[in-house]
Amino acid sequence: MSHSMDRRMLLRSAGSAAVAGTLGALGVGAFATPAHAAPETINADQVFESTTNRVTRVPRTRGTITIEIRSGYYNGFQYGWGRIQGSGWDPRGWVWLEISSDGGNRWTFADATYLSDGTGYTHTSGWLTRADPNYVFRASYDSNLNTPNPYLRSGVW
């Protein structure tokens, strides 16, 4: 499966538009229905409790710590988020998500979560993916938030 194929958002109105176009060509009137708009973000609880078909993307490991991008579906739309997990280490620090709309040349801070409870696991909020191959995510971990050279950074997805 190609990179662009697995990053496609579900377009709920595409089938309706095709049917309406066909019916219109046949001279049959059709009622337009508004497309359901997906929220740009979902909170960390929604990521944890309500996403389905979760997939790990571009993980990187240093010692016993793994940082990665995860993706999953919420109400039929694909979201991505940053996640860190590990054991046998002092887990206090930040995990943050950055998004680029130009293929990774410039990054924009999207969200961060502070890990302080000793579980060795946390994740950021989720952000809606796009079909555009230049719209990419990466996650980072460090004791200092948004440092330019973090202790650990995921690959780009």
Side-chain angles (χ1 to χ4, degrees), residues 1-15 33-157:
M1 182 178 284
S2 74
H3 177 70
S4 62
M5 286 297 290
D6 70 9
R7 298 266 329 252
R8 273 195 307 206
M9 294 185 315
L10 177 63
L11 300 175
R12 292 179 181 230
S13 61
T33 58
H36 174 71
E40 186 70 22
T41 66
I42 56 174
N43 66 44
D45 290 337
Q46 291 167 313
V47 166
F48 184 73
E49 297 167 1
S50 303
T51 55
T52 60
N53 300 326
R54 297 179 191 138
V55 177
T56 298
R57 314 279 183 177
V58 294
R60 294 258 171 88
T61 300
R62 184 171 180 181
T64 60
I65 305 169
T66 299
I67 186 105
E68 61 203 11
I69 295 295
R70 297 271 289 168
S71 69
Y73 289 84
Y74 179 79
N75 289 338
F77 295 94
Q78 187 181 47
Y79 289 82
W81 58 90
R83 180 174 83 165
I84 190 165
Q85 56 185 354
S87 61
W89 54 286
D90 183 355
R92 291 175 291 220
W94 292 93
V95 58
W96 66 92
L97 179 69
E98 295 171 295
I99 299 173
S100 173
S101 60
D102 63 5
N105 292 313
R106 290 184 310 274
W107 292 94
T108 301
F109 176 85
D111 185 50
T113 302
Y114 187 71
L115 178 62
S116 64
D117 61 7
T119 62
Y121 167 85
T122 195
H123 59 271
T124 67
S125 61
W127 288 72
L128 190 62
T129 63
R130 297 183 185 166
D132 180 354
N134 290 311
Y135 188 79
V136 293
F137 297 175
R138 73 179 180 188
S140 300
Y141 167 79
D142 199 276
S143 58
N144 296 306
L145 177 60
N146 215 14
T147 186
N149 297 303
Y151 180 77
L152 188 58
R153 177 172 280 152
S154 75
V156 174
W157 180 73

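Since the model is a prediction, treat every value here as computed from it, not as a measurement.
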Worksheet, complete the sentence: The reported gap from OG in Ser154 to CD in Glu98 (rounded to nearest 0.5 angstrom) is 9.0 Å

Discussion item. Distance check, rounded to the nearest 0.5 Å: Glu40 atom CD versus Arg130 atom CZ?
Written reply: 5.0 Å

A side-chain contact here means heavy atoms from C-beta on lying under 4.5 Å apart; do [X] and [Y] qualify?
| X | Y | result |
| --- | --- | --- |
| Val156 | Val58 | no |
| Pro150 | Trp96 | yes |
| Thr129 | Phe137 | yes |
| Thr41 | Asp111 | no |
| Asp102 | Asn134 | no |
| Arg54 | Trp81 | yes |
| Leu145 | Phe109 | yes |
| Tyr121 | Val95 | no |

Worksheet item: Can Thr147 and Asp142 be said to form a side-chain hydrogen bond (donor to acceptor under 3.5 Å, both in side chains), step by step?
Response: CA-CA 7 Å; Thr147 186; Asp142 199 276; 5.2 Å; no

Minimum heavy-atom distance between [X] and [Y], given as atom pair plus value:
| X | Y | answer |
| --- | --- | --- |
| Val47 | His123 | CG1-CD2, 3.5 Å |
| Glu68 | Arg57 | CB-O, 3.7 Å |
| Trp157 | Ser71 | CH2-CB, 3.7 Å |
| Arg83 | Thr56 | NH2-OG1, 4.1 Å |

Worksheet item: Mind checking whether Tyr79 and Tyr74 have parallel, tilted or perpendicular rings, split at 30° and 60°?
Response: perpendicular

Discussion item. Checking Ala110 now: which residues fulfil side-chain contact (heavy atoms from CB on, under 4.5 Å) with it, not counting sequence neighbours?
Written reply: Leu97, Ile99, Trp127

Worksheet item: Can you tell me if Ser140 and Arg153 form a side-chain donor-acceptor pair at under 3.5 Å?
Response: yes

Worksheet item: Is there a donor-acceptor contact under 3.5 Å linking the side chains of Thr66 and Thr61?
Response: yes

Worksheet item: When you measure from the side chain of Ser100 to the backbone N and O of Val136, does any donor-acceptor pair fall under 3.5 Å?
Response: no

